[in-house]
2 protein chains.
Amino acid sequence: MAGMITIGKLADYAGVTIKAVRHYHERGLLTEPDRDSSGYRRYTARHAIDLVKIRTLADAGVPLARVRELLDADPDTLTAAIADIDHDLKDRIARLRRTRLQLAQLRGGDQLFVSPDVATYLDALRDLGVSERQIRLERDGWILMQTASPADAAVWIAEKRELITDPAFRALYLEHDAAYDWPPDDARLPALAKRTRDWFTSHHSHTETRPVHNPTIAQLAAQSQPEATSPAWDRLAQLMRD
Amino acid sequence: MAGMITIGKLADYAGVTIKAVRHYHERGLLTEPDRDSSGYRRYTARHAIDLVKIRTLADAGVPLARVRELLDADPDTLTAAIADIDHDLKDRIARLRRTRLQLAQLRGGDQLFVSPDVATYLDALRDLGVSERQIRLERDGWILMQTASPADAAVWIAEKRELITDPAFRALYLEHDAAYDWPPDDARLPALAKRTRDWFTSHHSHTETRPVHNPTIAQLAAQSQPEATSPAWDRLAQLMRD
DNA sequence: TCGAACCCTGCCCCAGGGGCAAGGTCAAGT
DNA sequence: ACTTGACCTTGCCCCTGGGGCAGGGTTCGA
């Protein structure tokens with residue numbers, strides 16, 4: 001008869017593939033239409049309407065099993081369900097927008113991997129003229145600490161950010177950074193070790209939990225990077241232990 | 001060693017499940033870390049960084065196979081790829097927004113299933129006082145025509161919208177609608193058939209492609225609804241053929 | 001010393017189709 | 001009358017991105 005359309009036409013109308021239409025038959029979403037004399041499926045306007053409904057719900061991310069339930073739900077149930085789905089959709093759009101922002105940061109830098117506090121601390125180090133190697137070491141250390149114990153990490157980074165404003169500490173920090181490349185028997189090492197120890201003892205009373213000390217961080221991160229220590233640093237650590 | 005974290009900590013840090021982490025190992029996205037003495041995986045900061053990258057890309061809808069490629073692509077390639085992905089993401093957000101609108105229409109009416117032209121035509125019929133049964137019949141007919149031949153349907157609906165502004169045609173249309181429920185031997189049927197034929201012959205010269213006539217539409221949709229015809233309409237069709 | 005909370009591998013399961021094989025059918029042109 | 005290309009049919013296996021569960025071993029704190 002004139003008004004009966006084939007599966008291809010139906011699929012085109014709804015913007016889906018023929019395969020999808022057959023899939024919906026298998027799942028019981030769309031009733032199988034009658035066949036013509038040669039076995040072709042012949043669809044009616046009802047099927048077209050149902051198919052558009054199915055696609056609208058499926059596009060909204062509703063699982064096909066749930067779509068089937070909704071297709072013959074009473075209007076009130078359907079209305080409530082649609083409100084739910086719409087809420088979910090709004091949510092999903094918001095999450096995609098956040099993903100876009102994060103994606104932009106993937107190009108940018110470290111903000112994606114560490115907390116904002118740590119990121120500003122790393123920027124402060126950069127301003128101070130600390131080497132990129134050292135900054136990587138710090139960053140990896142903080143990531144580790146954040147995964148191991150976010151609460152402790154938050155306390156420590158606050159202390160560190162305070163500490164790095166102290167000119168004496170800044171000078172020591174820069175010298176430690178520079179010492180990385182010194183020969184292990186460099187004459188400046190014992191003096192640096194002494195000054196570091198003096199500084200620590202003079203500040204020990206000051207803060208309860210001992211602030212995380214640079215080589216300590218380096219050790220934490222030691223596994224993650226081959227360049228995490230150097231002969232001079234090893235020597236320095238030894239001098240400071242004595 | 002102090003800085004080595006377990007799979008659970010790593011997964012929590014990145015906001016994924018343990019299962020997902022192991023999945024990324026299998027797919028070669030994340031290198032397998034060393035194991036400790038009891039066979040547990042022990043992760044470093046590098047892994048945490050990689051995992052966050054992986055999730056950021058995966059959240060953006062990038063297939064895992066492509067993520068693997070991107071993880072060790074050179075910066076320029078990565079930048080270009082990110083631009084692509086972001087474009088796609090924007091696109092997807094737009095499509096979800098459209099889905100939300102369509103979802104709202106699922107509650108509303110027929111706008112979802114027929115073209116805007118047809119929807120306004122149906123509204124015009126409603127204003128005219130045509131029965132809902134007849135409007136359903138028309139709607140299904142138009143859906144069928146749109147699937148079978150969208151271009152022809154567009155021409156026809158334009159003609160129909162013009163036609164329905166003609167008071168004589170409006171009167172005939174309403175009478176046909178009412179005739180549905182008449183007994184097949186109703187005395188008014190022959191007169192209605194004659195007036196309809198007269199109207200058509202007087203308008204035939206006027207428009208080239210013969211405008212689709214009401215019972216014709218009904219026949220098109222005959223398969224889709226049990227109520228698509230009535231004894232009186234059958235009789236009317238027969239009277240008009242003679 | 002016990003229970004809770006971890007961790008391991010291995011296996012099968014799901015949605016939502018895509019792809020391909022191996023046919024049958026239909027309409028148009030020649 | 002034949003061919004060609006565009007349709008249609010069923011059936012089967014494939015993919016992604018994991019989830020769930022079984023059937024173990026380990027570690028940590030009370």
Side-chain angles (χ1 to χ4, degrees), chain A residues 1-2 4-30 32-43 47 51 53-71 85 88 92 95 99 147-149, chain B residues 1-2 4-30 32-43 47 51 53-71 85 88 92 95 99 147-149:
Chain A
M1 298 250 173
M4 312 289 286
I5 56 177
T6 64
I7 195 170
K9 296 278 188 186
L10 179 74
D12 284 355
Y13 173 74
V16 302
T17 63
I18 291 179
K19 206 59 192 279
V21 173
R22 292 203 272 245
H23 193 58
Y24 300 150
H25 286 320
E26 274 170 31
R27 300 285 161 116
L29 291 182
L30 194 60
E32 280 272 4
D34 296 338
R35 310 296 181 107
D36 66 14
S37 59
S38 56
Y40 289 12
R41 292 176 180 85
R42 291 295 178 161
Y43 294 88
H47 291 103
L51 186 49
K53 278 189 189 173
I54 292 168
R55 275 321 306 173
T56 303
L57 290 169
D59 285 344
V62 180
L64 296 192
R66 181 105 191 280
V67 171
R68 191 182 50 206
E69 291 169 21
L70 291 180
L71 283 178
I85 295 164
D88 184 80
R92 207 180 316 192
R95 253 176 290 145
T99 300
T147 69
S149 175
Chain B
M1 300 249 173
M4 311 291 284
I5 58 177
T6 64
I7 195 170
K9 296 276 188 187
L10 180 73
D12 284 355
Y13 173 74
V16 302
T17 63
I18 292 179
K19 206 60 192 277
V21 173
R22 292 203 272 245
H23 193 59
Y24 300 151
H25 286 320
E26 274 170 30
R27 300 284 161 115
L29 291 182
L30 194 59
E32 280 271 4
D34 295 337
R35 309 296 181 105
D36 67 14
S37 58
S38 56
Y40 290 10
R41 291 177 180 84
R42 290 297 178 158
Y43 294 89
H47 291 103
L51 186 50
K53 277 189 189 171
I54 290 168
R55 275 321 307 172
T56 304
L57 291 169
D59 285 344
V62 179
L64 296 192
R66 181 109 188 279
V67 171
R68 191 182 50 207
E69 291 169 20
L70 291 180
L71 282 178
I85 295 164
D88 185 79
R92 207 181 314 195
R95 251 176 292 146
T99 300
T147 68
S149 174

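Labels below follow one simple rule: chain letters A, B, ... track the order of the sequence lines, proteins then strands, and each chain is numbered from 1.
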Asks: Taking atom C1' of C:dT9 as reference, at what distance in whole Å does atom NE2 of B:His23 sit?
Replies: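 So the NE2-C1' distance, B:His23 to C:dT9, works out to 16 Å.
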Asks: Do the side-chain N or O atoms of B:Thr6 get closer than 4.0 angstrom to the phosphate oxygens (OP1, OP2) of C:dC6?
Replies: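 So the side-chain polar atoms of B:Thr6 never come under 4.0 Å of the phosphate oxygens OP1 or OP2 of C:dC6.
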Asks: How many whole angstroms separate atom CD1 of A:Ile7 from atom C1' of C:dC26?
Replies: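 Result: 17 Å.
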Asks: Using atom CD of A:Glu26 as one end and atom C1' of D:dC12 as the other, report the distance to the nearest whole Å.
Replies: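 For the pair A:Glu26 CD and D:dC12 C1', the rounded distance is 11 Å.
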Asks: So, A:Arg68 side chain and A:Arg27 main chain: donor-acceptor pair closer than 3.5 Å or not?
Replies: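 A pair under 3.5 Å: yes.
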Asks: Please confirm whether the shortest side-chain N or O distance from B:Arg35 to OP1 or OP2 of D:dG25 is below 4.0 Å.
Replies: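 For B:Arg35, the contact criterion (side-chain N or O under 4.0 Å from OP1 or OP2 of D:dG25) is not met.
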Asks: Is there any protein nitrogen or oxygen under 3.5 Å from a nitrogen or oxygen in nucleotides 27-30 of chain D, and what are the pairs?
Replies:
{"residue": "D:dT27", "atom": "OP1", "partner": "B:Ser38", "partner atom": "OG", "Å": "3.0"}

Asks: Between OG1 of B:Thr56 and CD1 of B:Ile85, what distance do you get to the nearest 0.5 Å?
Replies: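 Result: 10.5 Å between the selected atoms.
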Asks: A:Leu57 CG to C:dA15 C1': how many Å, rounded?
Replies: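 Atom CG in A:Leu57 sits about 16 Å away from atom C1' in C:dA15.
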Asks: OP1 or OP2 of C:dG17 versus the side-chain N and O atoms of A:Arg55: is any pair under 4.0 Å?
Replies: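 Answer yes for this pair, as a side-chain N or O of A:Arg55 is under 4.0 Å from OP1 or OP2.
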Asks: Please determine whether a side-chain nitrogen or oxygen atom of B:Tyr24 lies at a distance below 4.0 Å from atom OP1 or OP2 of D:dG18.
Replies: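 Yes, because at least one side-chain N or O of B:Tyr24 sits under 4.0 Å from OP1 or OP2 of D:dG18.
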Asks: Please determine, for the side chain of A:Ile18, which listed nucleotide (D:dC8, C:dG19, D:dC21) has the closest atom?
Replies: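 Looking only at side-chain atoms, A:Ile18 lies closest to D:dC8.
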Asks: Give the rounded distance in Å between these two atoms: CD1 of B:Ile54 and P of D:dT16.
Replies: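 Going from B:Ile54 (CD1) to D:dT16 (P), I get 16 Å.
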Asks: For A:Arg27 and B:Glu32, find the nucleotide of DNA chain C closest to each by heavy atoms; which residue's nucleotide sits nearer the 5' end?
Replies: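 Its nearest nucleotide lies further toward 5', so the answer is B:Glu32.
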Asks: Once you round it to whole Å, what is the distance between C1' of D:dT16 and CG of B:Leu29?
Replies: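 Roughly 12 Å, once rounded to whole Å.
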Asks: Using 0.5 Å steps for rounding, measure from the CD1 atom of B:Ile7 to the NZ atom of B:Lys19.
Replies: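 It is 11.0 Å, given to the nearest 0.5 Å.
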Asks: Side-chain contact test, heavy atoms from C-beta onward, threshold under 4.5 Å: evaluate it for B:Leu51 versus B:Tyr13 and give yes or no.
Replies: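 A side-chain contact under 4.5 Å is absent here.
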Asks: Without decimals, in angstroms, what is the distance between A:Lys19 NZ and D:dT9 P?
Replies: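 So the two atoms are 12 Å apart, to the nearest Å.
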Asks: Between A:Asp34 (CG) and D:dT9 (P), how many Å, whole number?
Replies: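 Going from CG in A:Asp34 over to P in D:dT9 covers 13 Å.
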Asks: According to a strict under-4.0 Å criterion, is B:Arg22 in side-chain N/O contact with OP1 or OP2 of C:dG10?
Replies: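 It does not, given that no N or O in the side chain of B:Arg22 lies less than 4.0 Å from OP1 or OP2 of C:dG10.
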Asks: By nearest heavy atom, map A:Arg41 and B:Ala58 onto DNA chain D; which one lands nearer the 5' end?
Replies: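 First, find each residue's nearest nucleotide; the 5'-ward one identifies A:Arg41.
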Asks: Exactly one of B:Asp36, B:Asp34, B:Thr6 should register a side chain to side chain donor-acceptor pair (under 3.5 Å) with B:Arg42. Which one does?
Replies: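 Among B:Asp36, B:Asp34, B:Thr6, the one meeting side chain to side chain donor-acceptor pair (under 3.5 Å) with B:Arg42 is B:Asp36.
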Asks: Side chains of A:Arg55 and A:Tyr24: does their closest heavy-atom pair fall under 4.5 Å?
Replies: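 Heavy-atom side-chain distance check passes, below 4.5 Å.
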Asks: Hey, what do you get for NE2 (B:His25) to CZ (B:Arg22), rounding to the nearest 0.5 Å?
Replies: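 The CZ atom of B:Arg22 is 9.0 Å from NE2 of B:His25, to the nearest 0.5 Å.
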Asks: Do B:Arg92 side-chain atoms and B:Ala60 backbone N/O form a donor-acceptor pair below 3.5 Å?
Replies: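 Yes; at least one donor-acceptor contact below 3.5 Å.
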Asks: If we only count heavy atoms from C-beta on, is the B:Leu64 to B:His23 side-chain gap below 4.5 Å?
Replies: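 Yes, at least one pair of side-chain atoms sits under 4.5 Å.
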Asks: Mind checking whether A:Tyr40 and A:Met4 have side chains closer than 4.5 Å, heavy atoms only?
Replies: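 A:Tyr40 does not reach A:Met4 side chain to side chain.
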Asks: Counting only non-hydrogen atoms, which of residues 60-71 of chain B are less than 4.0 Å from DNA chain C?
Replies: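 Nothing qualifies; none.
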